[in-house]
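A quick write-up on the structure given underneath.
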Number of protein chains: 2
Amino acid sequence: MPDLLDRLRERDWRLTAQRRVVTEVLGGEHVHLTADEIHALAARRLPEISRATVYNTLSELVALGEIREVNTDGRAKRYDPNAHQAHQHLICIQCGTIKDVHPEDNPLSALPPSERFGFDISDVEITYRGLCPNCAS
Amino acid sequence: MPDLLDRLRERDWRLTAQRRVVTEVLGGEHVHLTADEIHALAARRLPEISRATVYNTLSELVALGEIREVNTDGRAKRYDPNAHQAHQHLICIQCGTIKDVHPEDNPLSALPPSERFGFDISDVEITYRGLCPNCAS
DNA sequence: CCCTAACTTAGACAAGGTCTAAATTTAAAG
DNA sequence: CTTTAAATTTAGACCTTGTCTAAGTTAGGG
Ligand SMILES: [Mn+2]
Ligand SMILES: [Mn+2]
Ligand SMILES: [Zn+2]
Ligand SMILES: [Zn+2]
C-alpha cells in the first residue's frame, strides 16, 4: 500500500501546504488525536493554519476513506489514520491511552438472527475498556 | 428485581418531585433518550424543572448504577434505563432507531491475550450499525 | 498575465454540557 | 411548632467542541 501522501496525490485533491501538514501529523498505529491536538501540531509547522481548515481537511480525509473518526468518550472526536485495516479499540479507563486491537472472530457472528430485528447490519464497532499495565502498577 | 423507584427509595436518596419525574420518564426497553428529550418530557409534568436538575439527576442515577450513559454518535449522550441486564446496541444508520441486543458469546473471548497489551479489561461496548427494515423498504 | 474556481481565514454562531451563587425546600433538633 | 443547617433546585453564565459564513488568498487553465 503506498503511503497516505502518495495516495492523495493520485486522487483529484489539491495538496496545499495546509493539507500537507495536517496529513503529515497524522500517521502511525495507535495514534488517535483530537482535532485540537492536530491543529496544535500542524501549527508548529505552519503557524497561521486555521481551525476551520483543520476541520475541513479532516472531514475530507474521512470522506475519502483515508482516516476514520473515533468516538471514544462523548468528548472530542479522534482521528485514526489506520483506516485501511479493520480494527477495534482498547482504552485505559485511567489514563485514556488507546490501543488498536484485532479480535479473532468476526464480531458480527456472535449476534444471532433473532437479535437482529430485521436489520441489514453493515458495521460493528467495539470498545474494550480496562486498566493499562502502567496504571495498574 | 423491584422497580427503579422502589429501589431508589431504599437507598439514601431523597426522592424529590423533580427526581421523581425524571425517573418516571425513563423506563422500558429500547429507550435511549437524550438529556434534552428527558427534560422536555419531565417538563410536561413539572413545568419549571430546570435543565441543571435534569443533568444532576441523570448523573446521580448513573453513579448509583441505575441507568447507563450511551454514546451513540458523538452528539448528545443518551440515557439507558436498562442498566441491570448487560446488552449491546444496534442502530439504524438512516433513522437512528436504537435497539437493545444480546450477543451469544462473551464478547471478551474474541480478544486473544496477544491483543490485550497487558490490560485488565473490565468492560466491552459494542455498537452494530445497519439499515432497519423500515428504512430498507 | 487574467479569470475563475478552489481554498483558507477570522470570527460569529450553535449544540451539548458544566458550574456558580442565590433561593428554596427538607428534615433534624430543640 | 419553630429554628436551623444541610440538601436540593434554579437561572443563567460559561466552557468545549464543532459548524458556518463572508471575505480574502491562491493557483492553474487559457
Ligand atoms: Mn485505531
Ligand atoms: Mn440499551
Ligand atoms: Zn492507563
Ligand atoms: Zn431506520
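As the structure is a computational prediction, the values presented were derived from the model and not from experiment.
Applying the 3.5 Å distance criterion, the base of D/dT26 shares no donor-acceptor pair with the side chain of A/Arg14. For D/dG18, its base sits under 3.5 Å from the side chain of A/Arg51 at one donor and acceptor pair at least.
Rounded to an integer number of Å, the gap from CZ of B/Arg19 to P of D/dA7 is 11 Å. Across the protein-nucleic acid pair, A/Tyr55 atom OH and C/dT8 atom P stand 17 Å apart, rounded to whole Å. Summarising the geometry, the separation between NZ on B/Lys77 and P on C/dA15 is reported as 18 Å, rounded to the nearest angstrom. Remark: P of D/dT25 and CD of A/Gln18 are 14 Å apart, rounded to the nearest angstrom. Atom CZ of B/Arg20 and atom C1' of D/dT8 are 16 Å apart (whole Å). Straight-line distance from the CG atom of A/Asn56 to the C1' atom of C/dA10: 13 Å, rounded to whole Å. The NE2 atom of B/His39 sits 14 Å away from the C1' atom of C/dG16 (whole-angstrom rounding). The interatomic distance linking A/Leu58 (CG) with C/dT8 (C1') rounds to 15 Å, in whole Å.
Between C/dT18, D/dA11, D/dG18, one nucleotide has an atom nearer to the side chain of B/Glu48 than all others, and that is D/dA11. Residue A/Ala76 has its side chain nearest to D/dG18 when only C/dT8, C/dG17, D/dG18 are considered. Set against D/dT16, C/dA15, D/dT9, the side chain of A/Arg75 has D/dT16 as its closest nucleotide.
DNA chain D is contacted by both A/Tyr79 and B/Trp13; B/Trp13 maps to the nucleotide lying nearer its 5′ end (nearest heavy atom per residue). With the nearest nucleotide of DNA chain C identified for both B/Ala17 and B/Asp36, B/Asp36 has the one nearer the 5' end.
Side-chain contact, B/His89 with B/Arg78: no donor N or O sits under 3.5 Å from an acceptor N or O. Of the N and O atoms on the side chains of A/Asn82 and A/His32, not one donor lies less than 3.5 Å from an acceptor on the other residue.
In this model, the phosphate group of C/dA6 is not approached by any side-chain N or O of A/Thr16 to a distance below 4.0 Å at OP1 or OP2. The side chain of A/Ser50 places no N or O atom within less than 4.0 Å of a non-bridging phosphate oxygen (OP1 or OP2) of C/dT8.
More than 12 heavy atoms of other shown residues, nucleotides or ligands fall within 6.0 angstrom of atom CG in A/Asp123.
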List the atom pairs, with distances to 0.1 Å, where a side-chain N or O of residues 46-53 of chain B and a protein N or O form a donor-acceptor pair under 3.5 Å, not counting sequence neighbours.
unit_1: B/Ser50; atom_1: OG; unit_2: B/Thr53; atom_2: N; d: 3.1
unit_1: B/Ser50; atom_1: OG; unit_2: B/Thr53; atom_2: OG1; d: 3.2

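The hydrophobic cluster containing A/Leu111, built from Ile/Leu/Val/Met/Phe/Trp/Tyr side-chain heavy atoms closer than 4.5 Å, also comprises A/Leu90, A/Val101, A/Leu108, A/Phe117, A/Phe119, A/Ile121, A/Val124, A/Ile126, A/Tyr128, B/Leu90, B/Val101, B/Leu108, B/Leu111, B/Phe117, B/Phe119, B/Ile121, B/Val124, B/Ile126, B/Tyr128.
Using a 4.0 Å heavy-atom criterion, one finds that B/Ala52 contacts the bases of the nucleic acid, with or without backbone contacts as well.
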